[in-house]
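Here's the structure, in structure tokens; my notes come after.
Throughout, residue positions are numbered sequentially from 1 according to the sequence presented. Bear in mind the structure is a predicted one, so any value in this text is a computation, not a measurement.
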Amino acid sequence: MKKKLLCLLLALLLVLPIAACGDDPDAPDRHLDIDVESGTWSIYWYLCGSDLETNYGCATQDLMELMEVTLPENVRVVIQTGGAKEWQNNVVNADILQRYVYDSTGLTLVDELPPASMGDTATLTDFLRFCKTYYPAEHTAVLFWNHGGGSVNGAAFDERYYLDSLTLDEMRTAFGRVWPGDETDPPLELVGFDTCLMATVDVVDTFVGTARYLVASEEVEPGNGWNYTGWAGALAEDPTMDGAALGRIICDTYYAGCEAVGTQNKATLSLTDLTRCGPLLEAYEAFGAEALAEACEDPSFFSRFARIAAQSENYGGNTREQGYTNMVDLGHMARQSTGLLQTAGDVLTALEDCVLYRVNGPYRAEATGLSCYYSYNGDLDDLSGYTAVGAGEAFKYFYSYELTGELDHAGMQYIADLNYHELPDVPNLMTTEWDGMPLQVDENGVSSLTLGPEADSVLAGIGFSLYFLDDSSDIMLLLGTDNDMNADWENGIFTDNFRGVWGSIDGHLVYMELCFEGGDYNLYSIPILLGEDPYNLQVAYDFNTEEWSILGARPGIGESGMSDKELRLLQPGDVVTTVWYFSTISGDDGTEAYTAEEFTVTAQTSFYEIPLPNGRYGMVFEMRDAMDHYAYTEPVFFLCDGGEISTLLYD
């Protein structure tokens with residue numbers, strides 16, 4: 001009912017559009033004799049609806065939230081709509097670009113343009129010029145609304161144009177065409193991203209000199225997003241506030257909105273003072289340069305640093321099941337690197353100085369406000385995207401050397417300035433004979449793998465995969481991965497700590513994949529179908545309370561690199577189908593998805609461990625290096641009977 005009433009209100013407030021006034025993106029700025037009044041605010045809202053609007057009406061909902069606020073005469077919001085195949089209201093036309101102004105008189109349609117990609121530099125440039133020319137103010141803010149893809153893939157994925165997005169270099173170009181940069185007196189008060197994954201050091205580098213403050217999320221945002229009634233209402237009550245005050249309110253109202261609908265567990269949002277970020281960018285470059293120098297001195301550093309990254313809070317997935325964003329918390333990774341790199345402390349000091357405020361959910365306790373790139377999956381195309389937009393140079397050469405074993409001419413010149421002139425070979429699993437190694441089993445049924453001290457130089461991580469074997473059907477079902485192991489890195493000895501139990505939803509055994517190993521909690525991803533749609537259910541295990549929690553379900557990361565904002569909380573009546581992966585025991589074929597059990601969610605639905613069902617199982621230790629190569633041991637087999645591992649079999 002609320003949606004229908006507000007859509008009707010939109011229609012009543014609509015007036016006839018003026019003639020289209022789009023610009024050539026490369027044309028000079030138009031200068032009109034418009035005075036900028038003291039105490040005025042203009043918010044420039046780049047509202048790219050995408051599938052969030054087409055499928056769920058999320059953009060319409062946020063427009064309705066905004067229109068619940070009565071704005072004073074000195075505050076206005078200029079809105080460009082586009083990027084969605086369909087809008088869930090009776091006002092916005094999905095077939096063209098439209099511009100609206102919401103102010104003290106209500107909502108007015110002021111401009112219409114031919115269709116164009118919201119992910120194109122020219123489209124953004126034209127909107128920014130339009131806003132600057134016709135709606136200047138003492139304080140101006142630019143807000144992006146859409147999906148986000150982190151440093152490499154940017155934001156504003158246009159559903160009508162094959163999910164074309166604005167990359168950071170495109171944003172830098174568009175803003176630079178409209179506002180000359182000035183690090184001491186930036187032209188904009190605030191840049192905000194009501195999107196996923198855009199609180200990154202690379203985004204900071206993009207907007208230093210353009211805006212005073214940045215508000216963005218390190219993690220994937222839930223679909224409820226920012227609370228427009230909350231922050232716009234606060235601005236309406238006190239238009240004298242600056243960007244720092246507004247940024248804090250955006251953070252607080254966002255988190256309160258998440259708490260109201262139960263999506264706060266992994267929520268993050270931070271406020272960064274971009275005028276204080278010069279020392280951070282310098283410290284980040286020095287951090288990368290020291291890491292690169294350590295790797296040139298001893299390439300086994302790559303493995304040790306990779307293990308730190310694996311245990312640092314990371315965002316958006318970064319598993320084979322969920323896909324990879326390759327974004328990790330900068331402060332958490334630096335804090336865990338203090339024993340390896342002296343410059344890590346400088347990064348932490350600089351972060352503390354420029355990140356003014358942040359809100360974190362309980363399962364994002366390590367978030368420090370800004371993330372950075374780390375190549376979890378070793379993908380060279382993704383690395384190429386990062387090298388085109390990333391802050392500084394050192395980490396670009398660090399990852400290039402790590403993943404390819406070589407550097408281009410510029411990279412060799414960079415390390416020459418560090419007094420290194422050649423690149424030692426990078427140790428990796430492809431140069432070992434560890435693939436297919438047998439596991440040793442002692443009299444207590446504990447499996448162990450002995451690799452020797454070389455493991456510390458080669459491995460970025462180690463865990464185990466668990467299989468259920470149905471010999472009569474020649475089927476092997478993969479139940480997932482975990483790291484419940486004891487690791488002696490100094491001697492390269494690894495033993496399992498398997499207890500004969502596995503995760504379940506209401507007693508239905510699931511495939512589960514470890515996606516974060518923390519000091520206080522682990523996070524896991526579980527593939528399921530909700531109805532007929534594929535999702536990854538997120539669950540957490542809290543070591544302090546020794547309890548499991550279901551955090552919600554998300555779609556995986558698409559080929560475009562877009563992280564989906566949709567967070568689905570399980571509701572009574574939802575039909576869930578568990579998904580496992582299977583292959584034949586006798587063959588050498590790959591794994592295929594297999595729908596296992598279907599059940600209906602109730603108000604009491606929960607996640608917990610259960611004893612493994614009776615049957616024959618196999619365990620394989622899985623080794624991974626910093627290049628994302630994998631090696632696997634020979635399996636060990638055992639029988640489960642009533643939750644007890646009663647017999648070990650050797651094949």
Side-chain angles (χ1 to χ4, degrees), residues 219-220 265-266 306-329 332-333 336 363-366 374 376-378 447 449 459-468 477-487 489 494-505 509-528 535-543 546-554 556-557 578-581 591 607-610 612 617-626 628 630-633:
E219 182 55 285
V220 176
N265 281 315
K266 292 175 66 179
R307 293 199 294 272
I308 286 173
Q311 296 178 13
S312 298
E313 192 160 276
N314 58 84
Y315 304 109
N318 297 310
T319 69
R320 285 172 290 182
E321 179 66 32
Q322 299 175 96
Y324 292 86
T325 65
N326 289 324
M327 301 308 305
V328 60
D329 186 79
H332 195 203
M333 189 165 69
Q336 297 196 101
Y363 295 114
R364 280 295 172 249
E366 302 293 349
Y374 179 84
Y376 283 104
N377 63 341
S447 302
L449 175 65
L459 295 187
I462 188 166
F464 68 84
S465 299
L466 184 66
Y467 296 84
F468 171 77
L477 297 176
L478 175 59
L479 297 182
T481 63
D482 203 353
N483 68 339
D484 192 4
M485 303 177 67
N486 300 312
W489 287 102
F494 308 95
T495 58
D496 82 78
N497 192 36
F498 185 62
R499 296 169 289 116
V501 296
W502 203 249
S504 77
I505 308 172
L509 203 66
V510 298
Y511 173 96
M512 56 191 294
E513 189 172 74
L514 178 69
C515 52
F516 173 66
E517 172 191 358
D520 294 325
Y521 54 86
N522 279 0
L523 299 177
Y524 296 84
S525 177
I526 299 162
I528 61 171
Y535 282 83
N536 292 298
L537 188 68
Q538 310 292 304
V539 300
Y541 181 74
D542 191 312
F543 293 113
E546 298 184 346
E547 294 179 349
W548 294 87
S549 300
I550 297 176
L551 308 182
R554 291 191 182 278
I557 297 167
T578 58
V579 177
W580 296 353
Y581 294 89
T591 59
F607 188 92
Y608 51 88
E609 291 180 327
I610 61 172
L612 286 175
Y617 293 84
M619 177 185 291
V620 172
F621 283 19
E622 180 181 87
M623 297 164 274
R624 179 180 61 85
D625 65 20
D628 205 45
Y630 285 82
Y632 302 89
T633 66

Applying side-chain contact (heavy atoms from CB on, under 4.5 Å), run through L537 and V510 and close with a yes or a no. CA-CA 10 Å; L537 188 68; V510 298; over 6 Å; no
Working for side-chain contact (heavy atoms from CB on, under 4.5 Å), residues Y608 and S504: CA-CA 5 Å; Y608 51 88; S504 77; 3.6 Å; yes
Does the side-chain contact (heavy atoms from CB on, under 4.5 Å) test come out yes or no for L523 and Q538, once each step is laid out? CA-CA 7 Å; L523 299 177; Q538 310 292 304; 5.8 Å; no
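Taking each heavy atom of Y521 and A365 in turn, the nearest pair found is OH-N, 3.2 Å. Taking every heavy atom of both residues into account, L551 and A540 meet most closely at CD1-CB, 4.1 Å. Closest non-hydrogen pair, V220 versus G316, comes out as CG2-CA, 3.6 Å. The two residues R364 and N314 have their closest heavy-atom pair at NH2-O, 3.1 Å. Considering all non-hydrogen atoms of both residues, V328 and A309 come closest at CG2-O, 4.3 Å.
We find the CE-CZ distance between M623 and F494 to be 9.0 Å, quoted to the nearest 0.5 Å. In this structure, T578 OG1 and Y511 OH are separated by 13.5 Å, a value rounded to the nearest 0.5 Å. Interatomic distance, CD1 of I462 versus CE of M485, reported as 4.5 Å (0.5 Å rounding). E513 CD to I526 CD1: the interatomic distance, rounded to the nearest 0.5 Å, is 10.5 Å. Interatomic distance, L478 CG to F468 CZ, rounded to the nearest 0.5 Å: 13.5 Å. Rounded to the nearest 0.5 Å, atoms CG (D482) and CD (E622) are 11.5 Å apart.
Here the side chain of H332 pairs no donor or acceptor atom with the backbone of E366 at under 3.5 angstrom. Of the possible donor and acceptor atoms, none in the side chain of T319 sits under 3.5 Å from a partner among the backbone N and O of C515. Here the side chain of Q336 pairs a donor or acceptor atom with the backbone of Q311 at under 3.5 angstrom. A distance-only check finds no donor-acceptor pair linking the side chain of N377 to the backbone of N318 [under 3.5 Å]. Checked by atom type and distance alone, the side chain of R307 pairs as donor or acceptor with a backbone atom of L459 at under 3.5 Å. Remark: side-chain polar atoms of S465 are not paired, donor with acceptor, to backbone N or O of T481 under 3.5 angstrom. A donor-acceptor distance shorter than 3.5 angstrom exists from the side chain of T633 to the backbone of F621, with no hydrogens or angles considered.
With sequence neighbours left out, D625 forms a side chain to side chain donor-acceptor pair (under 3.5 Å) with H629. Shown here are the ring pair (Phe, Tyr, Trp, His ring centres under 6.0 Å) partners of Y374, two or more places apart in sequence or in another chain: Y376, Y399. By the side chain to side chain donor-acceptor pair (under 3.5 Å) test, Y581 is found to be paired with E321, residues two or more places apart in sequence or in another chain being considered. By the side chain to side chain donor-acceptor pair (under 3.5 Å) test, D542 is found to be paired with no residue, residues two or more places apart in sequence or in another chain being considered. Every residue two or more places apart in sequence or in another chain that forms a ring pair (Phe, Tyr, Trp, His ring centres under 6.0 Å) with F543 is listed here: Y541. Looking at residues two or more places apart in sequence or on another chain, you find a side-chain contact (heavy atoms from CB on, under 4.5 Å) between D520 and N544.
Side-chain contact check for Q322 and N536: no donor-acceptor pair (N or O, by modelled atom type) lies under 3.5 Å. Looking at D484 and N497, their side chains do bring a donor and an acceptor atom within 3.5 Å of each other.
Classified by interplanar angle (parallel below 30°, tilted 30° to 60°, perpendicular above 60°), the ring pair W502/F464 is tilted. Ring orientation note: the planes of W548 and Y524 are tilted relative to one another, at an angle of 30° to 60°.
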